[in-house]
Amino acid sequence: MQKMELAGVRKISAYMRKMAIDGHVIMLDLSDIKEVERLLGEYTDTLKKFEKKAEETDCIYLQDIKQLQAELDEIWETLKEILFRLSFIK
């Protein structure tokens with residue numbers, strides 16, 4: 001029961017099924033994934049603002065493109081860190 005609670009599983013049947021199939025339970029901290037989701041949301045919002053601005057003015061400014069690139073770079077760096085840490089899970 002302690003291991004079930006530590007794994008964050010509420011129903012014993014779900015825990016037993018998982019153990020019978022895999023023999024172990026892996027708990028992942030998904031806060032990094034939530035951060036990427038947040039960053040992608042911000043990036044999408046920014047992109048929509050620039051799209052609207054471009055439609056209204058018929059032009060796109062270099063500083064706007066640089067801002068989008070900086071936000072996308074941050075997303076990629078966060079994803080690289082996540083993938084690096086996941087590569088150590090056996």
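The basis for the numbers below is simple: all heavy atoms, side chains too, and nothing from hydrogens, waters or symmetry mates.
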Linking I/L/V/M/F/W/Y whenever their side-chain heavy atoms sit closer than 4.5 Å, directly or via other members, would Val9 and Met1 fall into one cluster?
yes

Sorted by chain and number, sequence neighbours left out, side-chain contact (heavy atoms from CB on, under 4.5 Å) with Ala54 holds for Ile60

| query | Tyr15 versus Lys3: any side-chain heavy-atom pair under 4.5 Å? | reply | yes

| said: Hydrophobic clusters here meaning ILVMFWY residues chained together by side-chain heavy-atom distances under 4.5 Å, can you tell me if Val36 and Leu47 are in one? | reply: yes

Contacts of Ser13 meeting side-chain contact (heavy atoms from CB on, under 4.5 Å) (sequence neighbours excluded), chain-then-number -> Lys11, Arg17

Residues at least two apart in sequence or cross-chain that pass side-chain contact (heavy atoms from CB on, under 4.5 Å) with Lys18, listed by chain then number, are Asp22, Val25

Value for CG (Leu72) from CD1 (Ile65), rounded to nearest 0.5 Å, stands at 13.0 Å

Rounded to the nearest 0.5 angstrom, the NZ-CD distance for Lys52 and Glu55 is 9.5 Å

query = Counting only heavy atoms not in Leu83, do more than 12 sit closer than 6.0 Å to its CG atom?
reply = yes

Across all chains, not counting sequence neighbours, the side-chain contact (heavy atoms from CB on, under 4.5 Å) partners of Glu42 are Arg38, Leu39

When you group the ILVMFWY residues by side-chain heavy-atom contacts below 4.5 Å and let the links chain together, are Leu86 and Trp76 in the same group? yes

When rounded to the nearest 0.5 Å, the distance separating CD1 of Ile21 from CE of Met16 is 12.0 Å

In this structure, CZ of Arg10 is separated from CE of Met4 (nearest 0.5 Å) by 10.5 Å

Residues 60-72 vs side-chain hydrogen bond (donor to acceptor under 3.5 Å, both in side chains), sequence neighbours excluded, gives Thr46-Glu71, Lys53-Asp64, Gln67-Glu71, Gln69-Asp73

In short, Leu68 meets Tyr43 closest at the heavy-atom pair O-CE1, 3.2 Å

Lys48 meets the salt bridge (charged side-chain N to carboxylate O under 4.0 Å, His left out) criterion, sequence neighbours left out, with none

Would you say Ile33 ends up clustered with Leu40 if hydrophobic residues are merged whenever their side chains have heavy atoms under 4.5 Å apart, either directly or through other cluster members?
yes

Phe84 and Phe88 have their tightest heavy-atom pair at O-CD1, 3.2 Å

